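Comments concern the structure below.
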Amino acid sequence: MIENLVIVESPAKAKTIERFLGGAYTVKSSFGHIRDLAKKNLGIDVDGGFVPQYIVPADKKKIVKELKSLAKDSQMVWLATDEDREGEAIAWHLFEELGLDKDKTRRIVFHEITKDAILNALDNSRHIDTSLVNAQQARRVLDRLVGFELSPLLWKKVKPSLSAGRVQSVAVKLIVEREREIQSFTPKKYFRVTGKFLVEGSNGGPATMKADLSKRFDKREEAETFLSQCMNSEFTVTGIEKKPLKKNPPPPFTTSTLQQEASRKLGFSVNQTMSVAQRLYESGKITYMRTDSVNLSKLAIGTAAGKIKESFGEKYLLTRNFTTKSKGAQEAHEAIRPTYLENSTVEGSRAEQRLYELIWKRTIASQMSEAQLEKTTINIAISGAAERFVATGEVLKFDGFLKVYMESTDDDQEEEAKGLLPAVNEKDRLQRELIEASEKTSLQPPRYTEASLVKKMEELGIGRPSTYAPTISTVQQREYVVKEDRIGIEREMTLLTLRGDSISEKQVKEKYGFEKNKLGPTDIGSIVNDFLEQNFQNIMDFNFTASVEKQFDEIAEGGLDWPKMIEGFYTPFHTRVDTATQTSERSKGEKVLGEDPQSGRPISVKIGRFGPIAQIGEASDEEKPRFASLLKGQSLETITLEDALDLFRLPRTIGQFEDEELVIGVGKYGPYVRHKSKFYSLSNSDDAYSIEQERAIEIITEKRTQEENRNIKQFEEEPGLLILNGRYGPYISFNKKNYRIPKSKKPEDLSLEECREIIEKAPSRTKK
DNA sequence: CAGTGAGCGAGCTTCCGCTTGACTT
């Protein structure tokens with residue numbers, strides 16, 4: 001007989017709690033939800049008042065069986081699932097599925113895993129909150145209806161295996177809309193003027209002071225006129241202003257902010273962040289990593305305070321509580337923080353150590369005093385001109401929390417390092433060293449990163465901490481969205497410099513549009529988005545989730561009947577699905593670009609069976625249409641008639657080499673040159689349309705020498721063992737497996753014995 | 001490795017939100 005059975009959601013949590021409670025309590029976990037809607041026929045009896053059909057999924061049968069038998073032997077069962085909508089529902093499903101006795105079941109909740117919080121929870125048990133459970137059922141049923149009615153519609157109208165849903169479809173929409181903003185963006189050119197003035201430095205020697213002109217010029221002529229005006233001007237300090245500035249530390253991490261900072265500071269993908277955090281959590285080093293709360297337990301704040309005093313002194317200590325600002329936060333857990341704040345570092349993999357350190361610093365910083373800065377602004381008047389120069393500088397008076405942590409931003413524009421300004425006095429005449437007018441362009445909106453998309457979704461109240469990473473993966477798996485690098489372009493900008501009595505001109509190269517690991521829509525992504533926008537505007541509205549959430553809240557408060565709410569949504573929704581099924585055409589993103597000058601037949605693009613294609617002529621024509629696949633980086637939306645025509649210029653013969661033809665084409669793996677029926681990939685900088693014989697031969701010979709150099713060493717006794725030169729340097733190849741060569745050894749000097757030893761000692765790859 | 005681009009009409013795909021492994025490379 002068990003005295004007390006406590007059921008929580010997470011096994012790591014169960015372990016900790018059992019330690020706190022001791023022998024009279026057995027703590028087990030449900031591993032999340034134990035029941036879900038059946039997958040057949042929606043899993044909802046739509047006509048019978050939206051009655052959900054719940055089943056225990058195959059992978060949950062074992063745990064349900066185990067819990068059931070434990071519960072039977074227990075005097076009291078404590079349902080200690082999270083205190084939010086989902087947690088309440090899990091408790092209810094447990095109650096139902098385990099066949100619990102109402103008199104021997106208690107519902108308890110706590111927001112932090114501390115001994116006090118848990119003991120306190122045991123003293124304040126309650127019953128299952130049916131209204132809250134109903135709100136969850138409404139949420140679940142609505143998501144199923146949307147997902148399982150829209151997805152099959154897409155299979156019919158666009159392509160099999162596609163999907164749509166309340167969350168993912170809006171995530172894709174964000175990406176599609178941003179891309180369109182970028183495509184329709186016209187950069188504005190302007191000239192920014194900066195001046196450098198000679199002043200006396202702090203050590204008495206000469207120094208320069210940089211100042212920006214208060215005005216930008218749209219045209220080069222205006223900038224030039226201004227520079228020539230300055231030739232004879234005097235520059236006088238007309239005002240010095242000093243302002244104190246305070247900076248507060250950011251709140252401790254939530255899932256979303258952790259993903260953002262790990263992306264910016266450590267270059268982690270959201271998936272990577274979550275799996276590293278999971279390992280830290282499982283080994284007891286951090287608190288739960290899926291949370292929307294910025295709250296810290298009293299105990300944690302106390303430990304942080306002690307650590308701060310000890311390491312930095314009382315001056316650096318300022319404890320505070322943060323409150324959440326994000327929409328729909330349910331705050332069932334604490335913020336993400338180290339379990340033991342006294343440990344500033346931990347053991348583990350490099351990734352674990354780095355992420356832990358980030359979490360530790362952020363948590364500690366959140367309880368430190370504000371940073372104090374002094375901002376200085378110096379105004380400089382120009383005789384004979386209405387504009388003025390402004391120099392700004394920031395001096396750190398007291399570092400406060402900045403001693404341990406500085407938050408990063410997504411801003412691509414580099415903040416110029418502003419330091420201390422030299423000491424100048426009002427009415428000082430400044431000597432001009434030079435004045436520059438440099439051409440700039442306004443920046444296009446940035447594409448989303450995984451983490452900045454999560455941030456946006458959180459702002460809109462779409463998705464939950466446990467779903468951010470999976471959603472980002474889903475939209476990429478469906479091929480609605482791709483994560484890729486954009487090389488950008490290099491362009492020339494004009495730089496005008498006034499020095500002495502002359503103005504010189506220079507062309508400066510500047511990179512534009514370079515982006516790494518950014519998200520962009522695919523053609524399918526855009527087509528699906530437009531199809532959904534056209535037929536289901538309400539669901540695609542960024543406020544859809546917020547408005548249904550409001551209704552879920554009413555259900556949770558007992559003021560609204562949940563099947564009624566669902567009916568109100570479903571009736572018009574289902575009608576729209578029916579209409580779209582009957583009336584809307586198949587969406588292939590077809591678009592006529594113009595006419596083929598040679599044949600006069602129309603040129604169009606669309607999604608074909610194997611992806612986007614260009615087409616000359618129509619299927620109904622007597623003469624069959626000609627087809628060509630679009631190249632990587634081209635899209636239905638942006639391809640021009642010229643680009644499409646170019647596609648039909650391949651394959652083409654560009655000359656001869658060793659008595660055989662050189663043919664340029666584009667295949668599944670990109671552009672290639674074919675020679676003697678062998679294929680050689682072109683490099684990124686080669687252009688399939690303009691590449692010439694000479695360069696093609698170069699590519700071929702390069703590849704040949706590379707292949708010759710591939711073999712470093714071979715052994716007669718063991719012909720299957722090779723020492724090869726690969727992309728990442730020399731390695732050993734044996735039995736289809738590759739082995740790294742220790743840096744201390746020279747690959748060409750290795751003996752067979754040494755090779756065997758390396759193979760023996762190679763770590764098994766399944767190890768974490 | 002380097003192509004295809006109609007529809008014979010099987011049987012499958014799909015949601016969001018809770019949780020972890022069990023699998024590969």
Side-chain angles (χ1 to χ4, degrees), chain A residues 8-14 29-37 39-40 42-44 57 59-60 63 81-82 84-91 93-94 136 139-156 159-169 171 274-275 278-279 281-282 288-290 330 332 462-471 474 477-478 539 545 548 588 606-615 617 619 624-629 650-651 663-674 677-682 736-738 765-766 768:
Chain A
V8 296
E9 293 179 36
S10 150
K13 207 170 169 180
S29 86
S30 74
F31 293 81
H33 273 293
I34 53 142
R35 291 206 303 195
D36 193 13
L37 296 174
K39 286 214 168 193
K40 274 183 192 156
L42 288 182
I44 300 159
D59 59 332
K60 290 295 166 75
I63 185 72
T81 49
D82 296 346
D84 57 18
R85 206 161 59 200
E86 298 298 327
E88 202 68 19
I90 292 173
H93 282 303
L94 284 168
Q136 192 275 347
R139 199 280 303 155
R140 181 67 193 93
V141 166
L142 180 120
D143 281 336
R144 171 54 69 83
L145 289 171
V146 171
F148 275 36
E149 293 217 350
L150 288 187
S151 300
L153 183 59
L154 292 179
W155 306 342
K156 278 190 209 114
K159 204 176 127 170
S161 304
L162 294 178
S163 66
R166 173 177 60 83
V167 172
Q168 60 168 279
S169 295
M274 292 315 282
S275 76
Q278 176 88 28
R279 264 177 273 149
Y281 168 67
E282 280 170 10
Y288 197 55
M289 64 281 150
R290 290 185 277 263
Q330 308 199 4
I462 292 163
R464 303 278 312 128
S466 68
T467 60
Y468 294 138
T471 304
T474 302
Q477 263 166 30
R478 299 272 174 275
I539 288 168
T545 291
V548 289
K588 292 180 189 163
K606 68 173 186 191
I607 295 276
R609 245 209 317 169
F610 309 105
I613 48 167
Q615 171 178 347
K624 268 197 161 181
R626 292 174 63 202
F627 298 98
S629 291
L650 297 174
V663 180
I664 305 293
V666 173
K668 199 166 154 188
Y669 306 100
Y672 62 83
V673 48
R674 196 179 73 216
S677 62
K678 269 191 88 173
F679 294 86
Y680 305 85
S681 290
L682 302 191
K736 295 197 170 173
K737 277 189 184 162
N738 299 335
R765 296 193 226 182
T766 43
K768 269 183 193 172

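All heavy atoms count here, side chains included; hydrogens, waters and symmetry mates do not. Given the structure is predicted, the values throughout are model-derived calculations rather than measurements. Below, read A as the first sequence line, B as the second, and so on, with proteins coming before strands; counting in each chain starts at 1.
Taking atom CD1 of A/Ile607 as the reference point, atom C1' of B/dT4 lies 15 Å away to the nearest angstrom. Residue A/Lys39 contributes atom NZ, which lies 8 Å from atom C1' of B/dC15 at whole-angstrom precision. Separating the CG atom of A/Leu162 from the C1' atom of B/dC12 is a distance of 13 Å, rounded to the nearest angstrom. Protein atom NZ of A/Lys624 is 8 Å distant from nucleotide atom C1' of B/dA6, rounded to whole Å. Atom CD in A/Gln477 sits about 14 Å away from atom C1' in B/dC15, given to the nearest Å. Put simply, CG on A/Leu37 is 13 Å from C1' on B/dT14, counting in whole angstrom units. Remark: P of B/dA6 and CZ of A/Phe610 are 9 Å apart, rounded to the nearest angstrom.
A distance cut-off of 5.5 Å between ring centres, combined with a plane angle under 30°, leaves A/Phe148 outside any stacking arrangement with the base of B/dC15. Lacking a ring centre under 5.5 Å from that of the base six-membered ring together with a plane angle below 30°, A/Phe627 does not count as stacked on B/dT4.
In the interface, the side chain of A/Ser163 is not paired with the base of B/dT14 through any donor and acceptor atom under 3.5 Å apart. No N or O donor and acceptor, one from the side chain of A/Arg674 and one from the base of B/dA2, sit under 3.5 Å apart. Side chain A/Ser629 to base B/dG3: no donor-acceptor pair is found below 3.5 Å.
A/Tyr672 has a side-chain polar atom (N or O) that falls below the 4.0 Å cut-off from OP1 or OP2 of B/dG3.
Stem list for DNA chain B (at least 3 consecutive Watson-Crick or G-U pairs, distances under 3.5 Å) is empty.
A/Gly611 comes within contact range of at least one nucleobase, with a heavy-atom separation under 4.0 Å. Residue-level contact check: A/Ser681 touches the bases, meaning some heavy atom is under 4.0 Å from a base atom. A/Arg626 comes within 4.0 angstrom of no nucleic acid atom, judged by non-hydrogen atoms across all strands.
Without hydrogens or angle criteria, A/Ser151 side chain to A/Ala164 main chain gives a donor-acceptor distance under 3.5 Å. The closest donor-acceptor contact from the side chain of A/Lys13 to the backbone of A/Tyr288 lies at 3.5 Å or more, if one exists at all.
When every heavy atom of A/Lys60 is checked against every heavy atom of A/Ile34, the shortest pair comes out as CB-O, 4.0 Å. Smallest separation of non-hydrogen atoms from A/Ala332 and A/Asp84: CB-OD2, 3.7 Å. The shortest heavy-atom contact between A/Arg144 and A/Leu42 is NH1-O, 2.7 Å. In terms of heavy atoms, A/Pro152 sits closest to A/Gly147 at CD-O, 4.2 Å. What you find for A/Tyr281 and A/Met289 is that their closest heavy atoms are CB-SD, 3.6 Å.
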Seminar exercise, completed: Contact string for nucleotides 16-22 of chain B, one letter per nucleotide 5' to 3', B = base within protein heavy-atom range under 4.0 Å, S = sugar-phosphate only, - = neither, reads BBBBS--
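When side chains are defined from C-beta on, A/Leu94 counts as touching A/Thr81, because their heavy atoms get closer than 4.5 Å.
Atom CG of A/Leu162 and atom CG of A/Leu150 lie 12.0 Å apart (nearest 0.5 Å).
Under a 4.0 Å N-O distance rule, the pair A/Arg290/A/Asp82 does not qualify as a salt bridge.
Along DNA chain B, the nucleotide nearest A/Val146 and the nucleotide nearest A/Pro671 are compared for position; the residue whose nucleotide lies closer to the 5' end is A/Pro671.
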